[in-house]
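Okay, so here's the structure we're looking at.
A, B, ... follow the sequence lines: proteins, then strands. Residue 1 opens every chain.
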Amino acid sequence: MSDLLKPEELYKTDSRPPRTDWMDTPVEIRRGIACYAGNPKSLEYVGLPNARKWSCFDEDWQLPENWQEIIHEGFKERLEKFRSFKVFMDICVRCGACADKCHFFIGTGDPKNMPVLRAELLRSIYRNDFTRAGKILGKLGGARPMTLEVLREWWYYMFQCSECRRCSVFCPYGIDTAEITMMGRELLNLLGLNIDWIATPVANCYRTGNHLGIQPHAFKDMLEFFQEDIEEITGVLVEPQYNKVGADILFITPSGDVFADPGTYTCMGYMMLFHYLKEKYGFDITWSTYASEGGNFGFFTSHEMMKRLNAKMYAEAKRLGVKWIIGGECGHMWRVINQYMDTMNGPADFLEEPVSPITGTKFENAKSTKMVHITEFTADLIKHGKLELDKSRNDNLSVTFHDSCNPARGMGLLDEPRYVIQNVCNKFHEMPAGTIREQTFCCGSGSGLNAGEDMELRMAGGLPRANAVKSVHESKGVNTLATICAIDRAALPDLMSYWVPEVEVYGVHEMVANALILQGEKDRDTDLRGEPLPGMEDSDE
Amino acid sequence: MELTALLEKKKETIVNEWFEQVIQTYAPDTAMFYQGQKDAFANPVGSTTRHALTRLFNLLLKHNENESPAAIIDPLIRIRAVQNFTPTQAAGFVFFLKPIVRNLYKKNQKKIHFDELLALESRIDMLALTGFDVFMACREKIYSMKTNVERDKIYKAFARAGLIKEVPADEPDPKFI
Amino acid sequence: MNLKYMYSLLAVIVLFLVSYILAGTGMAFKVLFGIILPYAALLTFIIGFISRIRNWARSAVPFRITTTCGQQKSLPWIKPNAIDNPFSKGAVVIRMFLEIVLFRSLFRNTRLKMKAGPKITYNLEIFLWVGALAFHYAFLTVLLRHLRFFTEPVPILVQLLETVDSFFRIEILYDINQFGLPGVYISGLVLLAAVTYLFLRRVFIPNVKYISLAADFFPLFLIFGIAFTGILMRYVTKIDVVAAKELTMGLVSFHPTIPEGLASIFYVHIFFVSILLVYFPFSKLMHIGGIFFSPTRNMTADTRATRHINPWNYPVHVHTYEEYEDEFREKMVEAGLPVVKQPVETPPEETEKKE
């Protein structure tokens, strides 16, 4: 025994890294966490600087010669343009209230994912470059010069934040890490440092109108597929209108709903609802192939890019001469619409204040922006008894609702979707307090992080959400995770398949459509997914 | 029999010590949070770790024999498989139990048969191997999800090229192939 | 050894020694610590504070980025959370008031359910909230109490505050024969305790320790020093209050004097306060002003109902519908989608992209 290592010693070989101060701990860019760099063609297409082929795992990032100056000037400009940025750089007292509120910190355990430290990455440069105390005291005052090492750290951690704003709920000064991450990413973009999962959707959206680069005819093709599916399931042919000049209302939804399961079922849901309203009440709504994207990955790039992509919504509404706009189920799209669109691309004085043509309800809260969330619209229809619904068709679903970050903390859309769900489903269970409503946990893939190469990050970041789902799955038999966000619908199926494989992800309007009784429909025996309806399990074709 | 009885008696202390050591595999600031925050929903890593270790220990004491060891160790390994760990670090925590039990044995050498200790150690070894199986399954799951994303991209490229109609009418769902 | 707090501690100790020793050496330094520095410090504080506020105010507020922490106001039959999702300016005022007076967001950290697992559990989050409240209110009380040194006659409110604040009065006949203890002020003790707590959590809670900077320790030590010297003077060394007031009233009335009989410790106290005043505008202590400027808290959440104006909104490049149709016209027509311009028969070379 004597010359053998004792087991204690043996197991110590993999002990954790030495404890160093965060400023002295060099960043290690890891596969599974970091995303691939933006495709130069995408950057070029939308005129983003320093387009080139590079990778974050390279030694040489091929930065412009004067990159430090670019960062410094960019920083300065943003301090003047955004009071939020300046104030948030100055007033943090590092009380630690936010530290354990971030899903990425909770899941990955990486201390630099504590929101306060994510912000300190920028603050340390701010102090060095722009404050007297920082210049005099240097590292003692929490300041450090901008080096390549710092830049790598910025890049790594600015793309480990999903801009969910959960920390800002708990901060005594309302410091919002989303705001800081947005500035960080803007600065990185000045040097051509972007990730492909954001840059390419941005370029696609700019060109074709949507993230996936679906051309107009293909967009229509996809909806035609859904028409066929809907006809097969319900016996009713729904006929969406496209680019119709003079329609009453324009409908815009994230293209994820058109192209990626299970969002496609939500898209079928919208089509059926609109068909129902058209047949019964003469509701006149049009889709647009030009403004065929609700989402806005420009939001994850820069304020300017956000504005450039968002401009299509009002432009198309104006061109088509509609009265107002309905927006589909999407998370960050709604933060942009609710808090940015009118300011950036308004005033929308060519539109009318939104009034539901069916119930007469005035959407007072949207009277300036003139865009109404589809769950606000549908909740109002249900409240006024305008929809014929057969809740029992969703009886095989035991539902819980995931509040998406942006509608929750950038809007406050909490009870509308719940009202809709509870009117189309019999079984609804909330997840534990502290994980829903304004305290909801992110799916772990928001703000353009729902790529494939960062799957470990996504799974770890989504753990707090999955953990809450798991608890209601185990205690209440929940098998359905409802959501009103296209990124959720793309990201949560992966998350569920890793953590709670028995739970499926649904959009709210998919469930609405399952319950909705169309005029002249046949006896339905399957839901939109082709699964047998409750009680129909034996009547296999 | 003696050893089992002793372990049963000292269960709480042993599991605590084991938990402590597993948690210490994280950075100190993180470890403190994982250890201190008792709300299971605010701290899934800490609570899952504690819960899983307790059940694993019960398994070693043959309390819940009808449950599969893989099912018990799964939640914990599943977390560590996506965190910043090497395979050894992710699955090796099972071995942390050995020194703890050996120390206990040393203090009670007279009462306990050595064979009992060996038997328990073999069970720990088996558990570690099970843990490694689960770890591999988790990693394979991650890889397959990554592959699916790539597959998805190709499928979309097809669609963009207007080739979507060439694909058989029942369009394959790229996620579930 | 944590260098971050050692540096700060050392700095405060050096400041203490320097002022203590020098104040004992003669009139010149007494004038420095008792008159020149306080005036200079106050001036620095006022100018610094105002310029920081002006600096923040100068930056634009381009977007209304309220953090909504409750149900929005939408359909008339859905109950909105008026305070946490403020639709009106009045609601914002209430939200800010609760934030500033009760530290409401910090309170959100607190979870009520606890006690699981075998160890004794402690709810760190509530301590942060309680500690922060205790600290700030004690500080405020101490500050207001000190008005008695700067006013003559002492306003009735200040006297009332003193009465409420003090307990344990065994000072009957105190003024006549210096017998017994002066009334013990709760606020001073609470301040000392709270500062100590805030310090200890920075040392003992690993993640708070990890994020702390030297700049986070310095004001804690300084305030500790101020409270400590204050308490020392009041209860132990028993300084000559009348002389102290003579000095402070001199400062207020711009007829500064250095009265006889003030111990060095008094000058240390004044010196520390001066340092705090100077340090204040250049540090995180400015959060007292910053909170009023925090856009996620001080703005209404009615952006869809009333348009917010961005002062620097500028035109950007957009991809217009015309450009879009030009690129995809043929395909659109083929798919039966409406187009504005009908396609003209052109040779296929002309497919250049426009930006």
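Contact annotation for A/Met114: only side-chain heavy atoms (C-beta onward) come within less than 4.5 Å of a heavy atom of chain C. Only the side chain of C/Val340 comes within less than 4.5 Å of a heavy atom in chain A; its backbone stays farther off. Only the side chain of C/Asn85 comes within less than 4.5 Å of a heavy atom in chain A; its backbone stays farther off. Looking at A/Phe85, neither its backbone nor its side chain comes within 4.5 Å of chain C, counting heavy atoms on both sides. Heavy-atom distances place no part of C/Arg104 under 4.5 Å from chain A, backbone and side chain included. Residue C/Tyr314 touches chain A through both its backbone and its side chain, counting heavy-atom pairs closer than 4.5 Å. For C/Arg297, the part lying under 4.5 angstrom from a heavy atom of chain A is the side chain only. For C/Asn298, no part sits under 4.5 Å from any heavy atom of chain A, backbone or side chain. Of the two parts of C/Thr67, the backbone and the side chain both hold a non-hydrogen atom closer than 4.5 Å to a non-hydrogen atom of chain A. For a residue to count as touching a neighbouring chain, one of its non-hydrogen atoms must lie under 4.5 Å from one of that chain's; by this rule C/Gln71 touches chain A with backbone and side chain alike. Contact of C/Pro80 with chain A is not made at all, since no heavy-atom distance falls under 4.5 Å. Heavy-atom distances place both the backbone and the side chain of C/Lys331 under 4.5 Å from chain A. Looking at C/Ile78, the atoms closer than 4.5 Å to chain A (heavy atoms on both sides) all sit in the side chain, from C-beta outward. Of the atoms belonging to C/Tyr321, heavy atoms from both backbone and side chain fall under 4.5 Å from chain A. Of the two parts of A/Glu179, only the side chain, counted from C-beta on, holds a non-hydrogen atom closer than 4.5 Å to a non-hydrogen atom of chain C. There is no contact between A/Ser288 and chain C, counting heavy-atom distances below 4.5 Å.
Judged by distance alone, with hydrogens and angles left aside, the side-chain atoms of A/Tyr242 form no donor-acceptor pair with the main-chain N or O of C/Gly336 at under 3.5 Å. The closest donor-acceptor contact from the side chain of A/Arg94 to the backbone of C/Ser212 lies at 3.5 Å or more, if one exists at all.
Every pair passing ring pair (Phe, Tyr, Trp, His ring centres under 6.0 Å) that includes a residue from residues 289-308 of chain C is listed here, sequence neighbours excluded: C/Trp56-C/Phe293.
For the residue pair A/Ser168 / C/Thr296, no side-chain donor-acceptor distance below 3.5 Å is found, with atom types taken as modelled. Side chain to side chain, A/Gln215 and C/Glu327 fail the donor-acceptor criterion of an N or O pair below 3.5 Å.
Ionic pairing of A/Arg319 and C/Glu325 is not present here: no N-O contact between side-chain nitrogen and carboxylate oxygen is shorter than 4.0 angstrom.
Between A/Phe82 and C/Trp312, the ring planes are perpendicular. Angles over 60° get that label, and only those under 30° would be called parallel.
The number of heavy atoms from other shown groups lying within 6.0 Å of NZ (A/Lys135) is above 12.
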